[in-house]
Amino acid sequence: MAEQDSQEFRELRKTHRSFVFPMAVVFLLWYFAYVLLADYAHEFMSIKVWGNVNVGILLGLLQFVSTFGITAAYVSYSNRKLDPKATAIRQRLEEQEGE
């Protein structure tokens, strides 16, 4: 498709990738750190923090919190940076289609 070769589309793709790839790397490092700690640092992960709650449980819950945080950050980023560019491309294509 010719649109994929346009400057606007390349800029949209670059803007998308500039958020998604670094965030994916950060999340994967965080996830694998948790898995490795759970597998090899039993003493650290079993440190009691409060009652029956230990470091492992807290880090596991933080996995969920970080997932929701990343999702919220992506939605905000998309609304500010990606959606206006995608809307402009879509409008231009719809105008060309109507001609």
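Bear in mind that the values here come from a model prediction, so they are computed numbers and not experimental data. We use all heavy atoms of the structure for the numbers below, so side chains are in, but hydrogens, waters and symmetry mates are not.
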Identify whether [X] and [Y] are in the same connected component of the hydrophobic contact network (ILVMFWY, side-chain heavy atoms under 4.5 Å).
| X | Y | result |
| --- | --- | --- |
| Ile47 | Tyr40 | no |
| Phe32 | Trp30 | yes |
| Phe44 | Tyr34 | yes |
| Leu37 | Val49 | yes |
| Met23 | Leu29 | no |

(message) Taking CG in Asn52 as the centre, count heavy atoms belonging to other residues, nucleotides or ligands within less than 6.0 Å. Is the count above 12?
(response)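 No, not enclosed.
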(message) How about NZ on Lys81, more than 12 heavy atoms from neighbouring residues, nucleotides or ligands closer than 6.0 Å, or not?
(response)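 No - once you tally the heavy atoms of other residues, nucleotides and ligands closer than 6.0 Å, there are 12 at most.
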(request) Taking Ser66 for its side chain and Gln63 for its backbone only, find out whether a donor-acceptor pair lies under 3.5 Å. (result)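 Yes; at least one donor-acceptor contact below 3.5 Å.
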(request) State whether the side chain of Asn79 and the backbone N or O of Val75 hold a donor-acceptor pair below 3.5 Å, judged by distance alone. (result)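 Side chain of Asn79 to backbone of Val75: a pair is present.
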(request) Check Ala73 against Phe19 and note the closest heavy-atom contact, atom names and distance. (result)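 Shortest heavy-atom separation between Ala73 and Phe19 comes out as C-CZ, 3.8 Å.
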(request) Indicate the atoms forming the closest heavy-atom contact of Pro84 with Ser78, along with that distance. (result)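 Here Pro84 and Ser78 meet closest at CD-O, 4.2 Å.
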(request) Using distance alone, with no hydrogens and no angle criterion, decide if Ser46 and Asn54 have a side-chain donor and acceptor under 3.5 Å apart. (result)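 Side-chain D/A pair, Ser46 to Asn54: absent.
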(request) Decide whether Thr67 and Tyr31 meet the rule of one side-chain donor and one side-chain acceptor closer than 3.5 Å. (result)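 Checked: Thr67/Tyr31 side chains show no N/O donor-acceptor pair below 3.5 Å.
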Within-4.5 Å side-chain heavy-atom neighbours: [X] and [Y]:
| X | Y | result |
| --- | --- | --- |
| Leu93 | Arg90 | no |
| Arg10 | Gln4 | no |
| Phe27 | Pro22 | no |

(request) Return the orientation label for the Tyr74 and His16 ring planes: parallel under 30°, perpendicular over 60°, tilted otherwise. (result)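 Tyr74 vs His16 ring planes: perpendicular.
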Rounded distance [0.5 Å steps], [atom1] in [X] versus [atom2] in [Y]:
| X | Y | atom1 | atom2 | result |
| --- | --- | --- | --- | --- |
| Arg92 | Thr87 | CZ | OG1 | 12.5 Å |
| Asp83 | Tyr77 | CG | OH | 11.5 Å |
| Leu12 | Arg17 | CG | CZ | 10.0 Å |

(message) One thing to verify: whether Glu11 and Lys85 come together as a salt bridge, which I'm taking to mean a side-chain N less than 4.0 angstrom from a carboxylate O.
(response)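 Salt bridge between Lys85 and Glu11, a charged N being under 4.0 Å from a carboxylate O: yes.
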